[in-house]
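See below for the structure under consideration.
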Amino acid sequence: MTQKQIYPIASANRRIWARILDLIICTCVIIGIDVLIVLVNGTRNIDDFATWKYLLMGLVLVICDFIYFILVPYLTKKGTLMNIAFKTKIVNQKGNYLVNLIKKELFIWVIIDGVILVIGIVLCFLNGKEAHDLINAITDFTNADKFSALQVIATVFNSFLTFLFILVLIVFANTIYNSRRHTWLDNFSNTTMAYMVSTTTKPIETKTKKLMPGIMDEEDEKELNNL
């Protein structure tokens with residue numbers, strides 16, 4: 001018989017607030033970098049704006065999100081800044097940790113960032129006026145000519161973003177419903193969000209292989225003790 005530390009699954013309140021604050025931090029950094037890009041370009045007139053700058057902004061978005069939400073948790077094994085602040089930790093249950101982190105973020109920002117990056121690539125092949133018209137069509141497609149190619153692109157783009165937004169709301173709703181339990185996203189990504197405050201200690205059989213949700217296995221416990 002050995003003693004086993006039990007770490008409960010984090011509550012929905014901790015998960016959601018950590019996520020919201022993480023998104024605010026990352027968004028502020030991205031906006032700051034994008035503002036610098038505009039200032040370096042020396043103009044706010046979109047017609048004169050070099051189209052490759054859109055691609056650069058898309059790359060900034062992808063790189064910042066990847067570093068903050070995937071690379072930092074992967075390297076530190078602790079999670080993001082707000083995971084640490086809220087005493088939560090992403091625990092890998094099985095499979096490749098890096099792949100699982102990407103799966104965990106897939107419906108939150110990975111797909112959205114990928115679509116924005118594709119738009120940036122498309123804009124690189126347009127002149128300033130064409131880029132201006134496409135951006136206008138995306139932000140307000142009613143201004144585009146009826147049945148024009150721009151309107152089709154804008155409609156597909158906005159419909160897809162709406163679908164992703166609804167999907168994100170479903171993920172958040174599922175997190176709230178399954179507070180302190182495994183969520184759909186946990187099962188999909190083979191991870192769980194543990195609340196790193198041990199609540200109880202109880203003896204368990206050393207031969208036990210199947211653990212209840214929220215209980216660290218022996219490898220996780222050793223990893224935590226080394227932090």
Side-chain angles (χ1 to χ4, degrees), residues 6-35 57-117 158 160-199 213-216 220 223-224 227:
I6 300 176
Y7 297 92
I9 295 177
S11 66
N13 187 47
R14 289 182 177 274
R15 290 189 185 213
I16 292 176
W17 276 111
R19 169 64 65 173
I20 290 174
L21 293 176
D22 275 332
L23 289 173
I24 290 175
I25 291 173
C26 207
T27 300
C28 288
V29 172
I30 293 170
I31 291 176
I33 296 175
D34 286 345
V35 168
M57 289 180 175
L59 287 173
V60 167
L61 179 66
V62 172
I63 292 172
C64 286
D65 282 341
F66 179 82
I67 291 176
Y68 189 83
F69 289 108
I70 295 178
L71 193 59
V72 170
Y74 178 74
L75 294 177
T76 65
K77 307 300 182 184
K78 293 183 178 180
T80 63
L81 291 177
M82 290 300 104
N83 285 146
I84 297 173
F86 283 86
K87 297 181 181 180
T88 59
K89 179 179 183 292
I90 303 172
V91 179
N92 190 47
Q93 295 188 316
K94 64 180 180 179
N96 185 281
Y97 186 35
L98 182 60
V99 173
N100 288 342
L101 285 174
I102 295 175
K103 290 168 64 178
K104 186 177 184 63
E105 302 295 328
L106 186 65
F107 302 109
I108 307 298
W109 62 264
V110 172
I111 296 178
I112 295 176
D113 283 12
V115 172
I116 293 175
L117 186 60
N158 287 317
F160 187 64
L161 287 185
T162 300
F163 168 76
L164 290 178
F165 178 73
I166 294 173
L167 189 59
V168 169
L169 290 181
I170 293 174
V171 169
F172 273 76
N174 182 258
T175 300
I176 295 173
Y177 178 77
N178 291 294
S179 183
R180 295 187 175 88
R181 293 181 295 179
H182 286 292
T183 66
W184 172 81
L185 195 59
D186 291 338
N187 295 327
F188 174 75
S189 62
N190 295 317
T191 64
T192 190
M193 188 72 73
Y195 179 38
M196 301 313 296
V197 174
S198 179
T199 56
I215 300 179
M216 305 293 101
D220 287 326
E223 177 184 328
L224 292 171
L227 295 178

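Just so you know, these numbers come straight off a predicted model, no measurement behind them.
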### Message
Under the rule for salt bridge (charged side-chain N to carboxylate O under 4.0 Å, His left out), what residues qualify as partners of Arg19, not counting sequence neighbours?
### Response
Glu105

### Query
Got a sec, which residues hit salt bridge (charged side-chain N to carboxylate O under 4.0 Å, His left out) with Lys103, two or more places apart in sequence or on another chain?
none

With sequence neighbours excluded, residues passing side chain to side chain contact (heavy atoms under 4.5 Å, CB included) with [X]:
X: Arg180; result: Ser11
X: Ile116; result: Leu61, Ile112
X: Val168; result: Phe172
X: Phe165; result: Leu169

Report yes if the side chains of [X] and [Y] come closer than 4.5 Å at any heavy-atom pair, otherwise no.
X: Ile108; Y: Val171; answer: yes
X: Val110; Y: Phe69; answer: no
X: Ile16; Y: Ile176; answer: yes
X: Asn83; Y: Met193; answer: yes
X: Ile70; Y: Trp109; answer: yes

Taking only residues two or more places apart in sequence, or in another chain, which ones meet [X] in a ring-ring contact (aromatic ring centres under 6.0 Å, His included)?
X: Phe163; answer: none
X: Trp17; answer: none
X: Phe107; answer: Trp184, Phe188

With distance as the sole test, does [X] use its side chain to make a donor-acceptor pair with the main-chain N or O of [Y] at under 3.5 Å?
X: Asn100; Y: Asn96; result: yes
X: Asp186; Y: Thr183; result: yes
X: Lys87; Y: Ile84; result: no

Let me confirm one number: the [atom1]-[atom2] distance from [X] to [Y], rounded to the nearest 0.5 Å.
X: Ile20; Y: Arg15; atom1: CD1; atom2: CZ; value: 14.0 Å
X: Leu161; Y: Ile166; atom1: CG; atom2: CD1; value: 11.5 Å
X: Ile31; Y: Met57; atom1: CD1; atom2: CE; value: 11.0 Å
X: Asn190; Y: Lys94; atom1: CG; atom2: NZ; value: 5.0 Å
X: Leu59; Y: Ile33; atom1: CG; atom2: CD1; value: 11.5 Å
X: Thr192; Y: Arg181; atom1: OG1; atom2: CZ; value: 12.5 Å

Would you tabulate the side-chain donor-acceptor contacts of residues 21-28 under 3.5 Å, counting partners in other chains and residues two or more places apart, or write 'none'?
{"from": "Asp22", "atom 1": "OD1", "to": "Tyr68", "atom 2": "OH", "distance (Å)": "2.5"}
{"from": "Asp22", "atom 1": "OD1", "to": "Thr80", "atom 2": "OG1", "distance (Å)": "3.3"}
{"from": "Asp22", "atom 1": "OD1", "to": "Met82", "atom 2": "N", "distance (Å)": "3.4"}
{"from": "Asp22", "atom 1": "OD2", "to": "Thr80", "atom 2": "OG1", "distance (Å)": "2.5"}
{"from": "Thr27", "atom 1": "OG1", "to": "Leu23", "atom 2": "O", "distance (Å)": "2.6"}

### Task
Can you see which heavy atom on Phe86 is nearest to which on Arg14, and at what distance?
O-NH1, 2.8 Å

#### Entry: Over all atoms of both residues, closest heavy-atom pair of Ser179 and Ala12
OG-N, 3.0 Å

### Task
Hey, could you give me each pair passing salt bridge (Lys or Arg N to Asp or Glu O under 4.0 Å) that has a residue in residues 167-178? Not counting sequence neighbours.
none

### Query
Which residues satisfy the side chain to side chain donor-acceptor pair (under 3.5 Å) test with Thr191, sequence neighbours excluded?
Ser189

